[in-house]
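Residue indices begin at 1 and follow the sequence shown. Excluded from the calculations below are hydrogen atoms, water molecules and symmetry mates; all remaining heavy atoms, backbone and side chain alike, are included.
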Amino acid sequence: MSWQEGLIPCSPLGLNCVVDWGTAVSAGIGVVSIFVAFLAWRTSREATRIAKQQHDEIVRVRLRNGRVIGRLLLHEISNLPHRLESNAKMLAGAAVDDTYGRPSGRDLLSAVEAVLVPLLPNAEKVEERIHNLPNSLSADLATLISHVRDISAAAGRIKENIQISKPAAIGQRTTIIYEGPQGAVGGLLAYIRFVEDLAKSFRIEFRTFVLNDGAGETIIPLL
């Protein structure tokens with residue numbers, strides 16, 4: 001039985017032999033439904049392909065931007081542990097008690113002023129763009145930025161408690177005395193050493209990302 005026989009059960013057409021329009025309409029609707037379904041499937045597949053292309057391009061752009069930021073901050077991040085170590089040594093040296101049982105005011109002032117020199121100035125300038133780095137690196141860098149700000153704030157509080165008195169007569173030295181809490185200097189020293197450990201670990205991960213692009217580029221060894 002052919003499809004024509006389903007629409008025209010008899011022949012020839014005449015008063016007693018007419019087309020079964022109900023069947024014809026149903027068949028037409030079925031064909032249209034299949035065609036519409038095919039178009040929907042093809043449109044959906046094309047939309048998925050375009051969305052994947054757009055996503056891949058976003059990922060590539062983010063990676064490129066992340067590497068640019070990485071190159072910008074490479075020296076700063078690589079040098080951070082050394083600077084923190086130097087600050088810790090200066091602060092530890094200033095913590096030696098004077099005859100009054102207080103840290104050496106003169107040495108402490110020099111140490112605090114060294115700590116107050118910005119540790120991550122470039123990272124703070126591009127803080128709003130560090131999200132272009134891989135998630136783990138951007139989160140860890142944000143944490144480091146927060147820590148160095150806390151270090152600077154603590155050093156600033158210590159400096160506020162260092163009193164400088166001008167000599168009363170010619171030939172006398174300027175008197176520099178620390179009058180703040182005794183535990184503040186030791187607390188800052190411990191905090192700097194803690195952040196130094198974090199910076200050493202982060203430096204390795206950061207340099208690996210920046211200097212190894214996945215194409216076999218050799219990573220420059222740490223000094």
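The backbone N or O of P118 lies less than 3.5 Å from a partner atom in the side chain of R83, making a donor-acceptor pair. Remark: side-chain polar atoms of S146 are not paired, donor with acceptor, to backbone N or O of A142 under 3.5 angstrom. R203 contributes a side-chain N or O that, together with a main-chain N or O of S78, makes up a donor-acceptor pair within less than 3.5 Å. Side-chain N or O atoms of T143 include one that pairs as donor or acceptor with a backbone N or O of A139 at under 3.5 Å.
Here the CG-CD distance, from L133 to E205, works out to 12.0 Å after rounding to the nearest 0.5 Å. With rounding to the nearest 0.5 Å, the separation of CG in L84 from NZ in K200 is 9.5 Å. In this structure, S138 OG and I130 CD1 are separated by 6.0 Å, a value rounded to the nearest 0.5 Å. The line from CG of L119 to CG of N79 is 10.0 Å long, rounded to the nearest 0.5 Å. Atom CG in L137 sits 12.0 Å away from atom CG in N132 (nearest 0.5 Å). We find the CG-CG distance between L91 and L189 to be 5.0 Å, quoted to the nearest 0.5 Å.
Note on residues 144-153: pairs passing salt bridge (charged side-chain N to carboxylate O under 4.0 Å, His left out), not counting sequence neighbours, are E124-R149, E127-R149. Applying the side chain to side chain donor-acceptor pair (under 3.5 Å) test to every pair with at least one member in residues 111-120, sequence neighbours left out, gives no pairs at all. Applying the salt bridge (charged side-chain N to carboxylate O under 4.0 Å, His left out) test to every pair with at least one member in residues 183-193, sequence neighbours left out, gives no pairs at all.
Heavy-atom minimum distance, V115 versus I192: CG2-CD1, 4.2 Å. Taking every heavy atom of both residues into account, L211 and R71 meet most closely at CD2-NH1, 3.5 Å.
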Requested in this report: Report the C-alpha distance between F206 and L73 in whole Å, list the side-chain angles of each, state the deciding distance to 0.1 Å, and finish with yes or no for side chain to side chain contact (heavy atoms under 4.5 Å, CB included).
Outcome: CA-CA 9 Å; F206 191 80; L73 303 180; 4.0 Å; yes
Requested in this report: List the steps, then state whether side chain to side chain contact (heavy atoms under 4.5 Å, CB included) holds for N87 with I151.
Outcome: CA-CA 11 Å; N87 288 344; I151 287 174; over 6 Å; no
Report task. Could you check L108 against I176 for side chain to side chain contact (heavy atoms under 4.5 Å, CB included), going step by step and ending with a plain yes or no? Result -> CA-CA 9 Å; L108 181 59; I176 304 176; over 6 Å; no
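Residues meeting the salt bridge (Lys or Arg N to Asp or Glu O under 4.0 Å) test with K89, sequence neighbours left out: E85. For P181, the side chain to side chain contact (heavy atoms under 4.5 Å, CB included) partners two or more places apart in sequence, or in a different chain, are N161, Y178, A184. Listed by chain and number, the residues in a side chain to side chain contact (heavy atoms under 4.5 Å, CB included) with L198 are L144, H147, F194 (sequence neighbours excluded).
In the hydrophobic cluster analysis, where Ile, Leu, Val, Met, Phe, Trp and Tyr join through side-chain heavy atoms closer than 4.5 angstrom, L120 is grouped together with V126. The same ILVMFWY cluster, assembled from side-chain heavy atoms under 4.5 Å apart, contains both I164 and V185.
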